[in-house]
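Counting begins at 1 with the first residue of the sequence.
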Amino acid sequence: MLDLIAVALRENGFEFERIDGQTPLERRLLALKTLHDDPKCTVMLASIGSIAEGVDLTAASRVHIIEPQWNPMVEAQALDRVHRMGQTRDVVTTRYIVKDSIETYVQDIQQAKLKLALEPFGKVSAQTIAKENRLQNLQKALV
């Protein structure tokens, strides 16, 4: 999917960087530096798995989730990379879901997993509630 998006971005004159599971650490650091320092670079293409850990994306102001993940906390962790301390911009997140597709099924699985996570032994943590609220707000914005 990232390859297809990259083609569309190039065809429309966008400058972008890309991080995926095949990107070596040195190249990842360079891509993040470019996004942060180069005003012409306006897009970071990244797979959820490659961006969910140890990456600071506070240079970003828009997040587009193209493919939902089976584990909703993986998505939440990736979004946290943009909402980290030091973020000075308002951040807009857009989630793309094709009606009556596997994506809607994945969304249903996410909701079921969130319910399980929220009801362990009848107790709910404030952090879990905050993450669920953020995910629910994202989903409402797309419906």
At their closest point, which heavy atom of [X] faces which heavy atom of [Y], and how far apart are they?
{"X": "P68", "Y": "I97", "result": "CG-CD1, 4.0 Å"}
{"X": "D37", "Y": "P39", "result": "O-CD, 3.3 Å"}
{"X": "S47", "Y": "G21", "result": "OG-N, 3.9 Å"}
{"X": "M44", "Y": "L35", "result": "CB-CD2, 3.8 Å"}

Side chains of L9 and L45 in contact at under 4.5 Å (non-hydrogen atoms):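 Yes - at least one pair of side-chain heavy atoms lies under 4.5 Å apart.
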query: Taking the side chain as C-beta and beyond, is there a heavy-atom pair between L32 and I19 under 4.5 Å?
result: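 In contact.
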Please collect all side-chain hydrogen bond (donor to acceptor under 3.5 Å, both in side chains) contacts where either partner lies in residues 16-25, sequence neighbours excluded, each pair once.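 Residue pairs passing side-chain hydrogen bond (donor to acceptor under 3.5 Å, both in side chains), neighbours aside: D3-R18, E17-R27, R18-D20, D20-T23.
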Please round to the nearest 0.5 Å and tell me the distance separating atom CZ of F16 and atom CG of L2.
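Answer rounded to 0.5 Å: 9.5 Å.
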ask   = What is the distance from atom OG1 of T42 to atom CD of E15, rounded to the nearest 0.5 Å?
value =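 T42 atom OG1 to E15 atom CD measures 8.0 Å (nearest 0.5 Å).
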Any donor-acceptor pair under 3.5 Å linking the side chain of E75 with the backbone of Q69?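 Judged by distance alone, yes, a pair lies under 3.5 Å.
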Checking the side chain of N12 only, and the main-chain atoms of A8 only, is there a donor and an acceptor separated by less than 3.5 Å?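 Yes, the answer is positive, given that a donor and an acceptor are paired below the 3.5 Å cut-off.
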**Asked** Is the count of non-hydrogen atoms from other residues, nucleotides or ligands lying under 6.0 Å from D90 atom CG greater than 12?
**Response**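 Not buried by this count: 12 neighbours or fewer within 6.0 Å.
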### Task
Only counting residues at least two apart or in another chain, list the ones meeting side chain to side chain contact (heavy atoms under 4.5 Å, CB included) with V92.
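V92 satisfies side chain to side chain contact (heavy atoms under 4.5 Å, CB included) with R62, T94 once adjacent residues are dropped.
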Is there a path of hydrophobic side-chain contacts, each under 4.5 Å between heavy atoms of I/L/V/M/F/W/Y residues, joining [Y] to [X]?
{"X": "V98", "Y": "Y105", "answer": "no"}
{"X": "I102", "Y": "I109", "answer": "yes"}
{"X": "V7", "Y": "V43", "answer": "no"}

